[in-house]
Amino acid sequence: MIHVAVLGYGTVGSGVVEVIEGNKALVNKRALTELNIKYILDLMDFPGDPYENKVVHDVNVILDDPEVSIVCETMGGVRAAYEFTKKALLKGKSVCTSNKEMVAKYGPEMLQLAKENNCNYLFEASVGGGIPIIRPINEALTAEKLEAITGILNGTTNYILTKMQNEGAKFEDVLKQAQDLGYAELHPEADIEGFDACRKIAILSSLMVGKTVNYEDIYTEGITKITADDFVYAKAMGKSIKLLAMSKALENGTLAMVSPCMIDASSPLYMVQDVFNAVLVRGNMLGDAMFYGKGAGKLATASAVVADVIECARNMDTTLPIFWDAEVEKLVDIADVERAFFVRAKAADKAAVLAAFGGAEVVEVAGRDDFALVTSVMKEKDFAAKYEALGDKVITRIRIEA
Ligand code: HSE
């Protein structure tokens with residue numbers, strides 16, 4: 001029997017207990033041993049909860065119990081989570097986490113500690129909720145040189161954009177729905193400003209290059225400026241607008257960024273709707289492979305944590321290889337990256353805007369007092385100079401991802 005502790009009995013933590021108990025027979029079979037939830041750490045009590053007698057408030061009860069060999073860190077944040085994870089690993093207890101902030105910030109440190117203490121630090125649930133993506137990169141795609149990872153990595157924003165596109169819904173109303181469904185982060189700006197997707201692409205980029213891609217170095221733009229009007233044009237152009245988190249191996253280095261982008265109907269990411277996430281991985285031998293599924297929500301995320309627990313149970317006293325060095329990967333400056341841009345402007349300013357973007361393709365929708373254009377491919381910095389010079393003659397711009 002292996003004893004497990006769950007740190008944090010919130011959405012994901014209670015989901016972990018539900019998955020282990022709900023799928024008990026098959027989880028035990030696949031873990032090759034019985035998993036027993038011995039403790040649940042939380043600040044609160046849960047009177048009436050079937051596991052209320054497992055709840056403890058002092059982490060030392062868990063850390064000092066030699067019987068506990070696997071800890072699920074589903075607390076979130078990086079203060080207490082950092083301290084508890086570190087202490088658990090130092091005692092040789094494996095840690096399975098859904099905490100992307102922790103992994104993005106302290107991944108290499110925790111992996112090193114796990115190595116030194118013959119245990120594991122696994123984080124499948126930190127990216128893409130229930131979608132298997134970390135283990136595929138670490139195990140199934142090890143023969144590949146990964147050239148690009150492009151993901152829809154935030155369920156809340158994808159849910160919002162989908163509702164805006166399909167129902168013309170208002171941003172605030174849909175955000176509230178996503179919060180009620182348990183998809184959103186505690187502070188909504190983490191989702192809508194792209195910070196959550198940024199942490200996740202930092203993790204995937206680090207695994208892609210085998211070094212540390214600091215999330216602070218990643219250019220990040222959220223979806224707060226996207227409006228229903230932009231979707232009118234996207235639709236007319238046969239495109240959609242998605243919050244993309246991207247990492248690419250370019251000739252002069254690694255590009256990583258998060259930004260709303262227009263993508264074509266021919267992109268495999270086009271049909272990813274609602275809370276679903278997808279990660280499109282390009283390998284130099286394999287070509288493209290896409291991983292798709294529920295990127296947020298209690299049981300989907302908890303399922304990935306429990307899969308990591310099972311992996312730990314099968315590999316007691318062995319540290320599974322994860323190639324992520326502490327050395328920092330310097331990123332390419334996005335100012336030098338080339339792409340086309342969608343620009344929307346007032347019809348009255350058409351002449352001035354077209355003059356600035358010579359050779360652009362014009363898009364018009366009948367009965368409107370605005371128009372749009374798609375620029376030729378140009379460097380971000382050249383586009384930015386023209387766009388800024390136009391001032392309030394332009395309403396918005398969106399990157400186009402080929
Ligand atoms: N707030 C996150 C999302 C939860 O919407 O994707 C999963 O990380």
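Whatever order the structure lists ligands and atoms in, that order sets their numbers, starting from 1. Just so it is clear, the values below take in all heavy atoms, side chains as well, and ignore hydrogens, waters and symmetry mates. All figures in this text were calculated on a predicted structure; none of them were measured in a lab.
At a 4.0 Å heavy-atom cut-off, ligand 1 touches Asn154 through backbone and side chain alike.
Salt-bridge annotation for Lys381 and Asp336: present, with a side-chain N of the basic residue lying under 4.0 Å from a carboxylate O of the acidic one. One finds no salt bridge joining Glu380 and Arg397 here, because no Lys/Arg side-chain nitrogen approaches an Asp/Glu carboxylate oxygen to under 4.0 Å. Using a cut-off of 4.0 Å between Lys/Arg side-chain N and Asp/Glu carboxylate O, Lys248 and Glu401 are scored as salt-bridged.
Atom CZ of Arg282 has 12 or fewer neighbouring heavy atoms from other residues, nucleotides or ligands inside a 6.0 Å radius.
Nearest protein heavy-atom neighbour of atom 2 (C) of ligand 1: Glu185 OE2, 3.1 Å. Atom 5 (O) of ligand 1 has Thr156 OG1, 2.6 Å as its closest protein atom, hydrogens excluded (heavy atom only).
In the vicinity of Lys100, heavy-atom distances shorter than 4.0 Å reach the ligand 1 atoms 4 (C), 7 (C), 8 (O). In summary, the atoms of ligand 1 found under 4.0 Å from a heavy atom of Ala296, numbered by their order in the structure, are 3 (C), 4 (C), 6 (O), 7 (C). In summary, the atoms of ligand 1 found under 4.0 Å from a heavy atom of Asp191, numbered by their order in the structure, are 1 (N), 2 (C), 3 (C), 5 (O).
Two rings, from Tyr292 and Phe276, have their centers less than 6.0 Å apart. Ring centroids of Phe357 and Tyr387 are separated by 6.0 Å or more, keeping the two rings apart.
Between Asn277 and ligand 1, a contact under 3.5 Å exists for no N or O pair. Between Gly155 and ligand 1, at least one N/O pair is under 3.5 Å apart.
Close to ligand 1: Gly295, with a non-hydrogen atom less than 4.0 angstrom away.
In this model, no donor atom of one side chain and acceptor atom of the other lie less than 3.5 Å apart for Ser205 and Glu329.
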